Number of protein chains: 2
Amino acid sequence: MEPKPDPNKLMAWARLLRTQQVLLERVEAELKQAGLPPLRWYDVLLELRRAGTQGLRQFEIGTAVLLNKYNLSRLLDRLEAQDLLQRDLCEEDGRGARVRITPAGRDLLKRMWPVYGGAINAHFARHFNNKELRQLSVLLGRIPGVAR
Amino acid sequence: MEPKPDPNKLMAWARLLRTQQVLLERVEAELKQAGLPPLRWYDVLLELRRAGTQGLRQFEIGTAVLLNKYNLSRLLDRLEAQDLLQRDLCEEDGRGARVRITPAGRDLLKRMWPVYGGAINAHFARHFNNKELRQLSVLLGRIPGVAR
DNA sequence: TCAAAATGGTTGCAATCGCAACTATAGTCC
DNA sequence: GGACTATAGTTGCGATTGCAACCATTTTGA
């Protein structure tokens, strides 16, 4: 791209950045307005629910939700303080913890989904048909680290 | 989308979120590694350079880069402290300031571009051809507030 | 004209983030 | 076994963010 910027590339990049800012801001605002915690809480709890009874190691959560370890550590502190999850010590690795969702955590997920899902629809999904949604998924999935 | 999540919608949404996190993290890391300030600084300075000699009002910068006023106020403090811009008082509105880029600001833009543009390419643009880039732009541009 | 409301911008304070340093356990290699 | 390195997670501290309150000027409207 150097030294002359390529307009196609720049436009796509700029819109991607802007999309992120606009959508996150709107969705977070709806959550907050409904008296619900931020999106990150949902992400973490959702991973934990998926993981089921054996729970997850912290570093597994970290790679799943793309959060570095110090911030994750403190985010889990907050969730644990609200009884949304529990950290048990891990028998197969004396350093680590095993993190499990609690009933209160599952309940919060259930309460957040209507607002979250509604916001995804209202601010994002409703502007596209199924073919376009798949197109977006395929295109973005080509970026390393995006598809899981 | 309620109460059953639509997989097409959810997948596109999830990848959009993830794209944002992955790309921002990588690009910011390259800037930092090169001893350069964060992306936000570039955004603001770029707007100011585009605005030319008459500069911009703070609220104009705010809407351009999607930054709320308190954070913008303090971000401008930092940029001003580095002599990258100057805030003159505004004659047509006694409340406001008029913000202009300085030569040092232009210079920083020039120094940041090779790293920034290179990172856009390396982490994003190189994974797509021109048609796909235009597709992305068009699709994302349908979200209100994204196209400018 | 003048009080009320709106707008532009700043600031105090609490919460969160980023970095670097730290503790503790696991794994590796001789 | 024992040093050496790597990994899991936590924490202190400074920087940044979010929220609410604030000041000053401008606009509105009876």
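A note on names: the letters A, B, ... follow the listed sequences, proteins ahead of strands, and every chain is numbered from 1. Since we're looking at a predicted model, the values are computed, not measured.
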Visitor: Using the side chain to side chain contact (heavy atoms under 4.5 Å, CB included) criterion, which residues pair with A/S137? Sequence neighbours excluded.
Guide: B/M11, B/A12, B/R15
Visitor: State which residue, out of B/L84, B/L56, B/L75, B/V99, fulfils the side-chain contact (heavy atoms from CB on, under 4.5 Å) condition with B/V44.
Guide: B/L75
Visitor: Under the side-chain hydrogen bond (donor to acceptor under 3.5 Å, both in side chains) rule, collect the residues that match up with A/D43, sequence neighbours excluded.
Guide: none
Visitor: Under the side chain to side chain contact (heavy atoms under 4.5 Å, CB included) rule, collect the residues that match up with A/Q86, sequence neighbours excluded.
Guide: A/D88, A/R100, A/T102
Visitor: Is it true that, when you exclude B/Q33 itself, more than 12 heavy atoms of the residues, nucleotides or ligands shown sit nearer than 6.0 Å to its CD?
Guide: no
Visitor: What residues, two or more places apart in sequence or in another chain, satisfy side-chain hydrogen bond (donor to acceptor under 3.5 Å, both in side chains) together with B/R74?
Guide: none
Visitor: Nearest-Å distance, NZ (A/K69) to P (D/dA6)?
Guide: 13 Å
Visitor: Indicate every side-chain donor-acceptor pair of residues 61-69 of chain B with a distance under 3.5 Å to a residue at least two apart or in another chain.
Guide:
from	atom 1	to	atom 2	distance (Å)
B/T63	OG1	B/E60	O	3.1
B/N68	OD1	B/N71	N	3.3
B/N68	OD1	B/N71	ND2	3.1

Visitor: Checking A/A14 now: which residues fulfil side chain to side chain contact (heavy atoms under 4.5 Å, CB included) with it, not counting sequence neighbours?
Guide: none
Visitor: Contact list please: residues 70-97 of chain A against DNA chain D, heavy atoms, distance less than 4.0 Å, in numerical order.
Guide: A/Y70, A/S73, A/R74, A/R87, A/R95, A/G96, A/A97
Visitor: Between D/dT25 atom P and B/R98 atom CZ, what is the distance in whole Å?
Guide: 18 Å
Visitor: Please state how far atom CG in A/L67 lies from atom C1' in C/dG18, giving the value in whole angstrom units.
Guide: 12 Å
Visitor: Under a 4.0 Å heavy-atom cut-off, which of residues 21-31 of chain A touch DNA chain C?
Guide: none
Visitor: Angle class for the A/W13/B/F124 ring planes (parallel below 30°, perpendicular above 60°, tilted otherwise)?
Guide: tilted
Visitor: State, to 0.1 Å, how close A/P144 and B/H127 come at their nearest heavy-atom pair, and which atoms those are.
Guide: CD-NE2, 3.3 Å
Visitor: Show every donor-acceptor pair shorter than 3.5 Å between a side-chain atom in residues 47-54 of chain A and any protein atom, with sequence neighbours excluded, or say none if there are none.
Guide:
from	atom 1	to	atom 2	distance (Å)
A/E47	OE2	A/R50	NH1	3.0
A/E47	OE2	A/R148	NH2	3.0

Visitor: Are any side-chain N or O atoms of B/R87 and backbone N or O atoms of B/R98, one a donor and one an acceptor, separated by less than 3.5 Å?
Guide: no
Visitor: Please identify each residue that fulfils side chain to side chain contact (heavy atoms under 4.5 Å, CB included) with A/Q20, with sequence neighbours left out.
Guide: A/L24, B/Q20, B/L24
Visitor: I need the residues from residues 42-59 of chain A with at least one non-hydrogen atom less than 4.0 Å from DNA chain C; give them sorted by number, or say none.
Guide: none
Visitor: Distances under 3.5 Å between protein N/O atoms and the N/O atoms of nucleotides 2-4 of chain C, please, pair by pair.
Guide:
none

Visitor: Phosphate oxygens OP1/OP2 of D/dG18: is one of them under 4.0 Å from a side-chain N or O of B/N68?
Guide: yes
